[in-house]
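I have placed the structure first, in the form of C-alpha cells, so that the comments after it can refer back to it.
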Amino acid sequence: MELITKAIRGTQDVLPADSHKWQYMEQTALAIARDYGYRELRTPVFEHTELFQRGVGETTDVVQKEMYTFKDKGDRSITLRPEGTAGAARCLLEHSLHNGALPQKVVYVTSCYRYEKPQAGRLREFHQFGAECFGTAAPQADAEVISLARAVLTGLGVTGVTLHINSIGCPTCRAEYHKALKSYFATREEELCDTCKDRLGRNPMRILDCKSPVCKAIAADAPVMLDHLCDDCAAHFDEVRACLDAAEIPYELDTGIVRGLDYYTRTVFEFVSDALGAQAVVCGGGRYDGLIEELGGPHLPSLGFAIGLERLMLILEAKGVPFPEPPRCEVYFAPMGNAAVRACFGIVTRLREGGVSAECDIAGRGLKAQMKYADKLGARYTIVVGDNELETGRAQLKDMETGTTEEVALDDSLYTTLYNKSLDRQLAGMADLFGSVMEG
Ligand code: HAM
C-alpha cells in the first residue's frame with residue numbers, strides 16, 4: 001500500500017491549511033512583475049528533449065544527470081522541463097513574439113523537474129517564479145531585471161539576502177578564458193571526477209560548477225573569468241554596476257558564480273539567503289545573448305532570472321514573515337429539519353453569488369455536531385434556522401468571537417448586514433494598522 005499512499009521522493013504536497021500562503025507569494029510576485037511591464041506566459045510541462053539539450057547545454061549537470069526524460073507512445077523523446085527559460089524561448093520563436101515590440105517581457109510560475117538528491121531546499125519537483133526579458137543588449141536591462149528580482153524578494157518582506165554578481169563574458173573572450181582554464185585543470189586532470197575529465201575537453205567552465213568536493217577544491221584556485229573579459233564585455237559590466245549603484249542596489253562581486261546552465265553570457269547573478277543552509281541560492285539568473293540563435297532564431301540578446309519558490313517559502317517561514325490570514329467562513333447556517341435545510345441552501349447560494357463565504361450543513365448532522373463543525377471551520381458568525389425562524393423570517397446571528405447575538409432578517413437584507421460587518425472589520429483593521437504605523 002505504501003506505493004499509493006506515499007508521494008514520490010523529492011516531491012511535496014501543499015495542504016489546504018498552507019495554500020493561501022502560496023497564493024499570496026505567487027500573486028504578490030506576479031503583481032510586482034506587472035508593475036515592471038511583465039505579462040504572464042504559460043508553457044507546457046514537457047517539451048522535446050532536444051530543446052533542453054540545445055538550450056541548457058549537453059555538458060551541464062541538468063542535462064547529463066538530472067532530466068526526467070522518457071519516450072512517449074509515439075516514440076518521441078520527451079523531457080519534463082528542468083527550468084523555464086528554454087520553454088519560454090521556444091514559445092517566443094514559435095509564436096514570433098520577437099516580431100512584436102521589443103523587449104518582450106514575460107513572467108511565469110511553473111513546476112520544474114530535476115533528478116537531484118533531495119535535501120532541505122532541494123526537490124525533484126519544485127516551482128519557480130521566473131522572468132525573461134527578450135530582445136535587449138543594453139546593460140540597463142540587466143539592472144532592471146536584477147531590480148525586479150530584488151523587488152519581489154523585498155516586496156514579500158524577505159531580509160538577509162545578498163546579491164552576488166559576476167560577468168562570464170561572451171564567446172569571444174570566453175575562448176581565451178577556456179584556454180587558461182584548460183591549462184590550469186590539465187595539471188590536476190587525474191584528480192578530477194570522470195564527468196569533469198570529459199568536461200575538460202568539451203567545456204572546462206562546467207568544472208567550476210561541479211558538486212564533487214574534490215573538483216570544488218581544485219576549482220577554488222582556477223583563473224577567473226573577470227580577468228579575461230574583452231573590452232566590450234568589461235564596459236557592459238561596468239555600466240551594469242553603475243546602474244545598480246544609481247538605484248542603490250547593493251551587491252557583492254563574486255567571481256565564483258558561473259551558473260549551472262550553458263546559455264549564460266556576460267552578467268550572471270544570484271541572491272543568497274542567510275536562512276537556507278546548504279541550498280542558499282534563492283534566485284539565479286543572467287544574460288543569455290546566444291540562446292535564441294542556438295534554438296534557430298535570430299540574434300536576440302536576452303536575460304532573466306528564476307526564484308525557487310520552495311526556498312522562498314522556507315525563508316519566509318524561517319524569518320517569521322507575516323502572511324495574510326487564511327480565508328475563513330463568514331457565516332455558517334445550521335438548519336434543523338428538512339424545510340430549513342432547503343431554505344438555508346437557497347440563502348447560502350444567494351450569499352455566495354454575492355461573494356460572501358457562507359456554509360450550510362451538507363452532512364445531515366444534528367445541531368450539536370453542526371456547531372462543532374462551524375467551530376472547527378472558524379466561522380465568524382452562525383445562524384440556527386428551525387421551524388420558528390422559517391415562520392417569522394427572522395433569526396439570531398451569533399458572533400462566534402464575542403458570543404453576542406443580534407436578530408437579523410432571513411431575506412436579501414442579510415447580504416447587506418454581513419457585507420457591512422465585513423467592511424467595518426476591514427476599516428477597524430486599517431485603523432489598527434494606521435495607529436501602529438503612527439506610533440512606530
Ligand atoms: P537555476 O539557478 O537552475 O536557474 O534555478 C533557479 C532557482 O530555482 C534556484 O536559485 C533555486 O532557488 C531553484 N531551484 C533550482 N533547483 C532546485 C531544486 N532541485 N529544488 C528546489 N529549488 C531549486 C534557472 O533555472 C534559470 N532558468 C534561471 C533563469 C531564467 N536564467 C535566466 N532566466
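Both counts, for ligands and for their atoms, begin at 1 and track the order of listing.
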Looking only at protein heavy atoms, which one is nearest to [atom], and how far off is it?
atom: atom 3 (O) of ligand 1; answer: Arg114 NH2, 2.9 Å
atom: atom 7 (C) of ligand 1; answer: Ala306 O, 3.7 Å
atom: atom 18 (C) of ligand 1; answer: Phe126 CD2, 3.4 Å
atom: atom 33 (N) of ligand 1; answer: Glu132 OE1, 2.8 Å
atom: atom 30 (C) of ligand 1; answer: Thr85 OG1, 3.0 Å
atom: atom 31 (N) of ligand 1; answer: Tyr264 OH, 2.5 Å

Let me confirm one number: the [atom1]-[atom2] distance from [X] to [Y], rounded to the nearest 0.5 Å.
X: Met67; Y: Ser77; atom1: CE; atom2: OG; result: 7.5 Å
X: Thr265; Y: Asp289; atom1: OG1; atom2: CG; result: 3.5 Å
X: Ser147; Y: Tyr36; atom1: OG; atom2: OH; result: 3.0 Å
X: Met25; Y: His20; atom1: CE; atom2: NE2; result: 11.5 Å

Minimum heavy-atom separation for Gly155 to Thr28, with atom names?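 Minimum heavy-atom separation between Gly155 and Thr28: O-CG2, 4.3 Å.
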
Please determine if Arg81 forms a cation-pi arrangement with Phe46, meaning its NZ or CZ atom is less than 6.0 Å from the six-membered ring centre and no more than 45° off the ring axis. no

For [X], state whether at least one heavy atom is located under 4.0 Å from any atom of ligand 1.
X: Gly260; answer: no
X: Phe271; answer: no
X: Glu310; answer: no
X: Gly285; answer: yes
X: Arg259; answer: yes

Selection from Leu261, Leu291, Val281 by shortest heavy-atom distance to atom 10 (O) of ligand 1: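 Looking at heavy atoms only, Val281 sits closest to atom 10 (O) of ligand 1.
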
Nearest to atom 5 (O) of ligand 1 by heavy atom, Glu83, Lys117, Gln128: which? Gln128

If we only count N/O pairs under 3.5 Å, is [X] in contact with ligand 1?
X: Leu123; result: yes
X: Gly84; result: no
X: Phe305; result: yes
X: Tyr263; result: yes

In ligand 1, which numbered atoms sit nearer than 4.0 Å to a non-hydrogen atom of [X]?
X: Gly304; result: 30 (C), 31 (N), 32 (C), 33 (N)
X: Gly284; result: 10 (O), 28 (C), 29 (C)
X: Val282; result: 10 (O), 12 (O)
X: Cys283; result: 10 (O)

Given side-chain contact (heavy atoms from CB on, under 4.5 Å), test Val272 with Val282 step by step and report yes or no. CA-CA 6 Å; Val272 180; Val282 62; over 6 Å; no

Within the structure provided, determine whether Val331 and Lys398 are in side-chain contact (heavy-atom separation under 4.5 Å). no

Backbone N/O of Ala86 and side chain of Glu83: donor-acceptor pair under 3.5 Å: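 At least one qualifying donor-acceptor pair exists.
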
Set of side chain to side chain donor-acceptor pair (under 3.5 Å) partners for Asp72, sequence neighbours left out: Arg76

Step by step, would you call Glu132 with Phe305 a side-chain contact (heavy atoms from CB on, under 4.5 Å)? CA-CA 7 Å; Glu132 313 292 350; Phe305 69 83; over 6 Å; no

For residues 237-275, pull every pair meeting ring-ring contact (aromatic ring centres under 6.0 Å, His included), keeping only residues two or more places apart or in separate chains.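 Of all non-adjacent pairs touching residues 237-275, those that pass ring-ring contact (aromatic ring centres under 6.0 Å, His included) are Tyr263-Tyr288.
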
